[in-house]
*Asks:* 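Provided herewith is a single structure, encoded as structure tokens, for subsequent inquiry.
In this chain, numbering begins with 1 at the start of the sequence shown. What you see below is based on every heavy atom in this structure, not just the backbone, and it leaves out hydrogens, waters and symmetry mates. This structure is a prediction, so every number in the text was calculated from the model and none was measured.
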Amino acid sequence: MQEFHETAKTRVEELQEKNKNKTIPTFSWEKIRGSGATAAENQKVDDQVLTFIQLCHHWFPKITKIEKVPILFWKRNGEAAKSRVFGDYIDKMFYGTSNNALKNIIKEGFRMPDPSPPPSKRGMYGQGSYFATDSSKSAQKFYTQGSQKLLLCQVILGRSKEVHEPDYSLNKKKVRSNKFDSVYAPLGSAMKNDESVIFDPDQALPQYIIHFSDTVTPPSPSTLNIEHTFTVKNMDQTDQDEDKFDATKKKFKSQGIPDILAYHGKI
């Protein structure tokens, strides 16, 4: 890890120098087209969205546009975060967001939610930023508020604390005191789909804005070009896991919380 940290610190210095005379756009992005010089990049992002779809979400999108976020400024923050983490694991994950929140993220980066909200508004695993492996999870209207947009982000997960039961008390200090950088709730725990939570906003770098439109029913493979057929992950969810999830949901309902999704963090 020492080499990982030293490399990150060097990159911070290089990016600070590069940023000195460069005007950072406050709200800007670049369209990634499906043909020409950006075709390969477009296809890679498109594939990641369509590969990580869960049938249970009933989400069958058409990707209408992909935009790339200029990340010179965010890279500096990300390299600084790398110099602080306990592990070197980095992954690309999805984040569903409203139009207003999207603008704020592009302008200012991710922000942590209120550290002391009312009990009914606390995140299931603390007041952090929640990211999903599955595009279909992040695309739910609860998260997007109808924006029909997803962010694909580079998330510095480092060493992850694996959790299987809700723990509303988790925060940056508590997680780092045990030499962890993030929280990981796997499929089959209290979560129906795996999620990761970070408590340092610099650990997430927005890279792509994905615009989509919904279709009412799943497309028939016979009517699609095989190269564009949806690849859908089937969840191997046992009856025991389903019972556990339903029991957790029932418990929240008895506490006057209308929707388990309210525990997944601030959008």
*Asks:* Checking Tyr184 now: which residues fulfil ring pair (Phe, Tyr, Trp, His ring centres under 6.0 Å) with it, not counting sequence neighbours?
*Replies:*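 Counting only residues at least two positions away or on another chain, Tyr184 forms no ring pair (Phe, Tyr, Trp, His ring centres under 6.0 Å).
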*Asks:* Is any NZ, NE, NH1 or NH2 atom of the basic residue among Asp202 and Arg84 found under 4.0 Å from an Asp or Glu carboxylate oxygen of the other?
*Replies:*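 Salt bridge present between Asp202 and Arg84.
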*Asks:* Between the side chains of Lys44 and Glu41, is the shortest nitrogen-to-carboxylate-oxygen separation below 4.0 Å, so that they form an ion pair?
*Replies:*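 A salt bridge is absent here (no side-chain N lies under 4.0 Å from a carboxylate O).
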*Asks:* Does either side chain, that of Gln148 or that of Asp214, offer a donor lying less than 3.5 Å from an acceptor on the other one?
*Replies:*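 The criterion, which ignores hydrogens and geometry beyond distance, is satisfied for Asp214 and Gln148.
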*Asks:* Out of Ile105, Ile210, Leu205, which one pairs with Leu151 under the side chain to side chain contact (heavy atoms under 4.5 Å, CB included) rule?
*Replies:*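 That would be Ile105.
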*Asks:* Under a 3.5 Å cutoff, is there a donor and acceptor pairing between the side chains of Ser160 and Ser182?
*Replies:*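 Ser182 and Ser160 do have a side-chain donor-acceptor pair below 3.5 Å.
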*Asks:* Does one side chain, of His57 or Ser136, offer a donor that lies under 3.5 Å from an acceptor on the other?
*Replies:*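 Looking only at side-chain atoms, Ser136 and His57 do form a donor-acceptor pair, the distance falling under 3.5 Å.
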*Asks:* Could you check whether the rings of Phe131 and Phe110 sit parallel, tilted or perpendicular, using 30° and 60° as the cut-offs?
*Replies:*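 If you compare the ring of Phe131 with that of Phe110, the planes turn out perpendicular.
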*Asks:* Are side-chain heavy atoms of Lys31 and Ile66 found at a separation under 4.5 Å?
*Replies:*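 They are not in contact (no side-chain heavy atoms under 4.5 Å apart), so the answer is no.
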*Asks:* Any idea which heavy atoms bring Tyr208 and Val69 closest together, and the distance?
*Replies:*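 Shortest heavy-atom contact: N-CG2, 4.3 Å.
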*Asks:* Per the side chain to side chain contact (heavy atoms under 4.5 Å, CB included) rule, which among Lys65, Lys68, Glu67, Gln43 passes with Ile32?
*Replies:*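 Looking at Lys65, Lys68, Glu67, Gln43, the match for Ile32 under the side chain to side chain contact (heavy atoms under 4.5 Å, CB included) is Lys68.
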*Asks:* Is any side-chain heavy atom of Gln127 closer than 4.5 Å to a side-chain heavy atom of Tyr168?
*Replies:*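 With C-beta onward as the side chain, the pair stays apart.
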*Asks:* Give a yes or no answer on whether the side chain of Ser138 reaches the backbone of Ser135 with a donor-acceptor pair at less than 3.5 Å.
*Replies:*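 Here the side-chain-to-backbone pair does not exist.
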*Asks:* Might you point out which heavy atoms bring Met93 and Val155 nearest each other, and give the distance in Å?
*Replies:*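 Heavy atoms only, the tightest pair is CB-CG2, 4.0 Å.
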*Asks:* Might you point out which heavy atoms bring Thr144 and Lys149 nearest each other, and give the distance in Å?
*Replies:*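 That closest heavy-atom pairing would be CG2-O, 3.6 Å.
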